[in-house]
Amino acid sequence: MKVTKKVSSFLLAAILCFATIVGFVNNTAKTDVYASSNSAVKTVGISMPSLQEAHTAAIYNSIRTTLKNYGYRDYVADAQNVALDQVDQIYDFIDKQVDIIVVMPVDENALVGVLREAADAEIAIIVIGKNNGLYPNAVYIDFDYAGFGESNADDFLNNHYDAESGAKVLIVACKNQHGDDYLEAVTNKFQNTSVVCEEIRIENVEYAEDAIENWIESNNGLLPDAIFCCCNTGAQIVEHVLNELGFTFGPGGIPIYGLGVNGDIYDALAEMIFEFAEKILNGEINPTGDISEGTIFVGIGENGED
């Protein structure tokens, strides 16, 4: 186990993984359902679970900036992690007759009724998240969290792992679907190795710092051989705790995956959302049938390149 008080951060890079689009080729038929006048300003309602968390705030900022750059007028709603408030906010988007709704659900089940009404009102719907099959008129776009986890684990095994010495790693993952996907991918990669995985699940960010600090103290103040963070929220919390405890960052330290997350991944997601918004509004695709059965992923290239 390393005693050094130096840690290093790794940038995540992104590419658009078009191969993960399910049925897209078979669903390019023209439709006038979502046809939008080129002379009118297109409007978008963006509903986020919370703008107080680093990860979701970064997603929102990229989406809003990208769509505004392309001439969209935006309405934003911060649900503050209250599902019923998000439902009401989406009803408000329907009343405003927006052209498209972009939503990252607080509670997937809570939105079934309101998103059905949005579709009936001929509003295009893009959901940020893994396809749950609940919204047949939506296009699903998400980060490839499992791909992030696999890439991070591969880097550690290839560049920082000594099989004879073994290793202990800490995985800091949100207690939600993307945290589950990331955690599973990392731990699966470490099966049949001498890597020991310990985990901290973040359900409430208010208590996350204490949980991480307590873990370090319970290990006699020693850091693990690597720390894995599923998203920017967890990464920033880890960074703050380590700074408070006197650890420094620099070359040659232990790898901490997720720190300094490249903003390009958020911009890539936003560009993907814009591209599909345009395809829907211009009648190039109709998000029903096969197109709604998969998730369009933004992920990591094989060499960590954009």
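All figures in this text were calculated on a predicted structure; none of them were measured in a lab. Hydrogens, waters and symmetry mates are skipped; everything else that's a heavy atom, side chains included, is used.
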Counterpart residues, side chain to side chain contact (heavy atoms under 4.5 Å, CB included), relative to Q97 (two or more places apart): none

Taking the side chain as C-beta and beyond, is there a heavy-atom pair between V196 and V169 under 4.5 Å?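 No, their side chains stay 4.5 Å or more apart.
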
For N192, I'd like to know if atom CG has over 12 heavy atoms of other residues, nucleotides or ligands within 6.0 Å.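 Atom CG in N192 is not crowded, with 12 or fewer foreign heavy atoms closer than 6.0 Å.
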
Under 3.5 Å, is there a donor-acceptor pair linking the side chains of [X] and [Y]?
X    : Y    : answer
E150 : Y145 : no
H55  : Y266 : yes
N152 : Y182 : yes
S47  : Q86  : yes
D154 : N158 : no
S151 : Y257 : no

Determine whether F228 and L183 satisfy the following criterion, side-chain contact (heavy atoms from CB on, under 4.5 Å), listing intermediate values before the conclusion. CA-CA 9 Å; F228 295 81; L183 176 66; over 6 Å; no

Pairs under 3.5 angstrom only: tabulate donor-acceptor contacts from the side chains of residues 206-217 to other protein residues two or more places apart or in another chain.
residue	atom	partner	partner atom	Å
N214	ND2	D210	O	3.1
W215	NE1	E198	OE1	2.7

Please report the C-alpha distance between Y161 and S194 in whole Å, then the side-chain angles of each, then the deciding distance to 0.1 Å, and finally whether the side-chain hydrogen bond (donor to acceptor under 3.5 Å, both in side chains) criterion is met. CA-CA 9 Å; Y161 171 60; S194 58; 2.6 Å; yes

Residues D225, K168: salt bridge by 4.0 Å N-O rule: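 Salt bridge flag = no for K168 with D225.
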
Would you call K130 and D180 a salt bridge, taking side-chain N to carboxylate O under 4.0 Å as the test?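 Result for this pair is no, no salt bridge flagged.
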
Return yes if some donor-acceptor pair links the side-chain N/O of [X] with the main-chain N/O of [Y] below 3.5 Å, else return no.
X    : Y    : answer
T56  : S50  : yes
Y140 : Y135 : yes
S165 : D162 : no

Could you tell me which residues satisfy salt bridge (charged side-chain N to carboxylate O under 4.0 Å, His left out) with D92, sequence neighbours excluded, listed by chain and number? K96

Measure the CD1-CD1 distance between I123 and I280 for me, rounded to the nearest 0.5 Å.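 If we round to the nearest 0.5 Å, I123:CD1 and I280:CD1 are 12.5 Å apart.
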
Taking every non-hydrogen atom, the tightest pair across V298 and F148: O-CZ, 4.2 Å

Could you walk me through whether D85 and Q89 pass the side-chain hydrogen bond (donor to acceptor under 3.5 Å, both in side chains) check? CA-CA 6 Å; D85 286 353; Q89 290 162 354; 5.6 Å; no

So V82 and V106, side-chain contact (heavy atoms from CB on, under 4.5 Å) or not? Walk me through it. CA-CA 7 Å; V82 179; V106 174; over 6 Å; no

Verdict with supporting geometry, I227 and V172, side-chain contact (heavy atoms from CB on, under 4.5 Å): CA-CA 7 Å; I227 300 177; V172 180; 4.2 Å; yes

For I141, the option from I128, L269, T295 that meets side chain to side chain contact (heavy atoms under 4.5 Å, CB included):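 It is L269; the other options fail the test.
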
Evaluate the side-chain contact (heavy atoms from CB on, under 4.5 Å) criterion for residues V98 and I101: first the C-alpha distance (whole Å), next the side-chain angles of each, then the deciding distance (0.1 Å), finally the verdict. CA-CA 7 Å; V98 300; I101 290 173; 3.8 Å; yes

